[in-house]
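Naming convention: chains lettered A, B, ... in sequence-line order (proteins, then strands); numbering from 1 in each chain.
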Amino acid sequence: MDKSEVAAVLEEIALLLELHGENPFRANAYAKAGRAIAQLETNIADIVSAGTLDQIPGVGETLREKITTLVTTGKLPFFDDLKAKTPPGWLQMLRLPGMGPKKVKALSDSLGIDDLEKLKAACESGDVAKLKGFGAKTQKNILEGLAFIDQMGNRVRLDQAMMIAEPVLAFMRNLPGVQRVELCGSVRRRKETIKDIDILVSSDDAAPIMDAFVKLPNVQKVIGHGETKSSVMLAGADHHASRVLINADLRVVNDSQFPFALNYFTGSKEHNVRMRQRAIDYGWKLNEYELAGAPKSLLFNDETDIYKALDLDYVPPELREDTGEMDAAAGHVLPDLLTLKDITGVFHNHTTWSDGAASLEQMADAARALGYRYLGIADHSRSLGVAHGLSVERVKNQQGEMDALNAKYKDFRLFKGTECDILADGSLDYDDDVLASFDYVVASVHTLFNQPLEEMTARIIRAIEHPAVTMLGHATGRLLLRRDAYKVDLDAVLQAAARTGTMIEINANPYRLDLDWVHCKRAKALGVMLVINPDAHAPDELAYTRFGVDVARRGWLEKQNVFNTRSLSDVMKYLGVSFV
DNA sequence: GCCGTTTTCGGCCCGACTGTTTTCAGTCG
């Protein structure tokens, strides 16, 4: 059982314990350990066999035993018993907004409701409203929550959240009386999927700002409308024009409270806990409005001042996941994070030669407009028929066209690449002499996603070990909120890449965003070189690169950890390409 | 269930909002 499965079990145990009315701190201990394990950079199996499980913060004696059982046997009787005595529908009921363990329990105990269908029926017949502690409003909210879950689950991708959030932000900035405006929450931390958009505004007069917010034209529903906090459901469309619904919260504070509120509402929750605990160590109390008890001589103009008061370096939002950033900030060893401006070009992109929407020249023009010094084209290889993979002959023709274009460019270069399929046994889709005709090779898995873990791992490592392979494309094949990653021992893959000097891609397509940020940290520790690629199939998709930079920043990466921050001449030297 | 320079028990971040009550419980972040 791998770490994401173990983490999922622990987090489910936490929910189940809560549903059974257990001590919430006990439940939280499971959830906390689950999160810690989800963020492990190495293999859980290795940690178990090395006997170092209890070095993970939040894992003590009991959890060590339970996790060991889970990893070694793939089962946990404690979990199975808990599940057996919990109607499966309770967990689904918990996902409804406004429903917590107490309400689920009350519905189940008094009306025998233990799944979403019975819940819907009881709401429609009006039985729920008659229940003590419930009412007509609660019943209506449950029905609306059921409809919402039906429509879309409850998370969206980062790019979708940004497309909805950015115009709202611009609108808020232009409202009279508004002083400062920032995005907070997981959007500001650039998590790959988002549950809701948090916006913070400072102003001396909150009411008109709240009113304007709840009257935005794309508001579908007002969920809450208080003095300092309002909550709405917003509709929008992503760049594929698919409809997106997401909750958005607005909070308004006065300008002197703004830095504290910004820090608090940015989270993560775990980072906030650490910040508050640190404030307590100083004899102060941190909340979303102030650092109470701190000397009057300390001024707090922005977030940096809060960190400074606690003798911490400023922690960029992307790092606020309680994965060591507090210690690094205290020890003044936070990384100097990569920025989008550092990117000099990108390597994994498609054209109409395979499944892209634009020609070589159109893609090159778009890259030059972004200020890139080079663009790598890596169209699909021959076996990927669905994507019009290139035959050996078409490879030659495409390369000829690229030579002709390069002859025109003065300070820009098209690199000849391929996104070469990794076949079932780890061999590559072109012979070595064809591979040698490319400036670089991106090797990717596009088929047989359901191979067993050992087979998939060996398959990818064999490809990495091939001397022609420059970089590994989208390491796990996941499509966020759509398709799970294939089973692969990523730590073994990263170790192989470190050994052979093969780069690992951070695929910046917002559906993928893998290598994920957790493993970026591991790759950095192993000395693996990363490369950020948009996997663009159209000119405007080159802009996806920004999301890859977000992942890199969450993964603590610095400029020198990412290959495509190098100058054109350094890239050419590395790839062994000379000017013609 | 975890944890410890206030340490082996008794804490565990803390405030806003909603909906139900009529002073507060539950949920959320």
Side-chain angles (χ1 to χ4, degrees), chain A residues 10 13-15 17-19 21-36 53-67 78 93-107 128-142 144-145 154 184-189 191 194-200 206 210 222-232 247-253 257 260-261 263-281 283-292 320 322:
Chain A
L10 294 177
I13 289 174
L15 291 175
L17 289 173
E18 265 196 283
L19 285 168
E22 265 288 347
N23 175 359
F25 293 108
R26 184 181 172 216
N28 190 42
Y30 280 90
K32 211 175 141 200
R35 283 192 299 269
L53 256 185
D54 45 17
Q55 287 172 18
I56 299 170
V59 176
E61 172 130 17
T62 307
L63 278 168
R64 187 194 62 209
E65 281 171 20
K66 291 196 165 115
I67 295 165
F78 169 71
M93 289 165 69
L94 209 50
R95 289 181 56 208
L96 291 166
M99 284 278 264
K102 300 273 167 56
K103 285 209 176 108
V104 171
K105 199 100 193 326
L107 287 166
V128 169
K130 292 178 203 147
L131 219 56
K132 187 171 158 33
F134 291 73
K137 202 86 180 256
T138 305
Q139 179 171 276
K140 185 165 162 274
N141 284 340
I142 291 173
E144 284 173 359
N154 50 14
C184 311
S186 51
V187 185
R188 184 165 182 238
R189 301 199 315 279
K191 267 195 74 167
I194 304 292
K195 197 160 136 269
D196 48 34
I197 295 168
D198 291 298
I199 297 169
L200 178 69
M210 288 293 166
V222 179
I223 297 157
H225 187 178
E227 276 175 47
T228 67
K229 177 184 165 182
S230 289
S231 191
V232 298
N247 285 341
D249 292 343
L250 171 71
R251 337 230 172 188
V252 180
V253 297
Q257 295 167 333
F260 300 99
N263 188 248
Y264 180 76
F265 292 120
T266 297
S268 65
K269 204 161 97 179
E270 292 76 25
H271 180 82
N272 287 352
V273 168
R274 295 290 302 267
M275 287 291 282
R276 287 180 178 219
Q277 283 167 344
R278 190 165 175 101
I280 290 167
D281 292 343
W284 307 332
K285 199 177 81 175
L286 179 64
N287 61 26
E288 55 261 60
Y289 306 117
E290 59 175 349
L291 185 55
R320 300 182 196 171
D322 191 24

>> Between dT8(B) and dC2(B), how far apart are the two C1' atoms, rounded to whole Å?
In response: 12 Å
> Any side-chain N or O of R276(A) less than 4.0 Å from the OP1 or OP2 oxygen of dC13(B)?
Replying inline: no
> What integer distance in Å separates I280(A):CD1 from dC13(B):C1'?
Replying inline: 7 Å
> Which part of the nucleic acid does K140(A) contact within heavy-atom distance under 4.0 Å: base, sugar-phosphate only, or nothing?
Replying inline: nothing
> Counting side-chain heavy atoms from CB outward, which of dT20(B), dG1(B), dC13(B) is closest to V273(A)?
Replying inline: dC13(B)
>> Working note: D322(A) + K269(A), criterion salt bridge (Lys or Arg N to Asp or Glu O under 4.0 Å); need CA distance, chi angles, decisive distance, verdict.
In response: CA-CA 9 Å; D322(A) 191 24; K269(A) 204 161 97 179; over 6 Å; no
> Using atom P of each nucleotide, how far apart are dC13(B) and dC17(B) to the nearest Å?
Replying inline: 22 Å
> For the pair made of NZ in K137(A) and P in dC17(B), what is the distance, rounded to whole Å?
Replying inline: 15 Å
>> Checking D249(A) now: which residues fulfil side chain to side chain donor-acceptor pair (under 3.5 Å) with it, not counting sequence neighbours?
In response: S231(A)
> Hey, does the side chain of T62(A) come within less than 4.0 Å of dC2(B)'s phosphate (OP1/OP2), counting only N and O?
Replying inline: yes
> Within the pair N287(A) and dG15(B), is there a side-chain N or O less than 4.0 Å away from OP1 or OP2?
Replying inline: yes
>> Rounded to whole Å, please give me the gap between CG in N28(A) and P in dG1(B).
In response: 13 Å
>> Does the protein touch nucleotides 22-29 of chain B at the base, only the backbone, or not at all? Give it as B, S and - per nucleotide, heavy atoms under 4.0 Å.
In response: ----SSSB
> Using a cut-off of 4.0 Å on non-hydrogen atoms, how would the nucleic acid contact of H271(A) be classed: base, sugar-phosphate, or nothing?
Replying inline: nothing
> Which residues pass the salt bridge (charged side-chain N to carboxylate O under 4.0 Å, His left out) test with E65(A), sequence neighbours left out?
Replying inline: none
>> Run the side chain to side chain donor-acceptor pair (under 3.5 Å) test against T138(A) and tell me which residues pass, sequence neighbours left out.
In response: none
>> If I pick the P atom on dC14(B) and the same atom on dT20(B), what distance separates them, to the nearest angstrom?
In response: 29 Å
>> Is there a side-chain contact between T228(A) and the phosphate of dC17(B), meaning an N or O under 4.0 Å from OP1 or OP2?
In response: yes
> What pairs with R26(A) under salt bridge (charged side-chain N to carboxylate O under 4.0 Å, His left out), at least two apart in sequence or on another chain?
Replying inline: E22(A)
>> When you measure from the side-chain N and O atoms of Y289(A) to the phosphate of dA16(B), is any distance below 4.0 Å, counting only OP1 and OP2?
In response: yes
> Does E288(A) use its side chain to pair, donor to acceptor, with the backbone of Y264(A) at less than 3.5 Å?
Replying inline: no
>> Say we look at dG10(B) and dA16(B): how far apart would their P atoms be, to the nearest angstrom?
In response: 31 Å
>> Taking the C1' atom in each of dC12(B) and dT6(B), what is the distance between them to the nearest angstrom?
In response: 15 Å
>> Base, sugar-phosphate or nothing for A36(A)? Non-hydrogen atoms, less than 4.0 Å.
In response: nothing
> CG of L53(A) versus C1' of dG1(B): gap in Å, rounded?
Replying inline: 15 Å
> Can you find a pair of side-chain heavy atoms, one from N287(A) and one from F260(A), that are under 4.5 Å apart?
Replying inline: no
> Looking for any heavy atom pair under 4.0 Å, which part of the strands does K285(A) touch: base, sugar-phosphate only, or nothing?
Replying inline: sugar-phosphate
> Does S186(A) use its side chain to pair, donor to acceptor, with the backbone of R189(A) at less than 3.5 Å?
Replying inline: no
>> Output the rounded distance in Å from CZ (R35(A)) to P (dG1(B)).
In response: 17 Å
> Within this structure, what is the CD-to-C1' distance between E65(A) and dC2(B), rounded to whole angstrom?
Replying inline: 14 Å
> Nearest-Å distance, CD (Q139(A)) to P (dG19(B))?
Replying inline: 13 Å
>> Taking pairing as Watson-Crick or G-U wobble with both contacts under 3.5 Å, can you name the mate of dT8(B), or confirm there isn't one?
In response: none
>> For P97(A), give me all partners under side-chain contact (heavy atoms from CB on, under 4.5 Å), at least two apart in sequence or on another chain.
In response: none
>> Using whole Å, what does the distance between atom P of nucleotide dT6(B) and atom CG of D281(A) come to?
In response: 8 Å
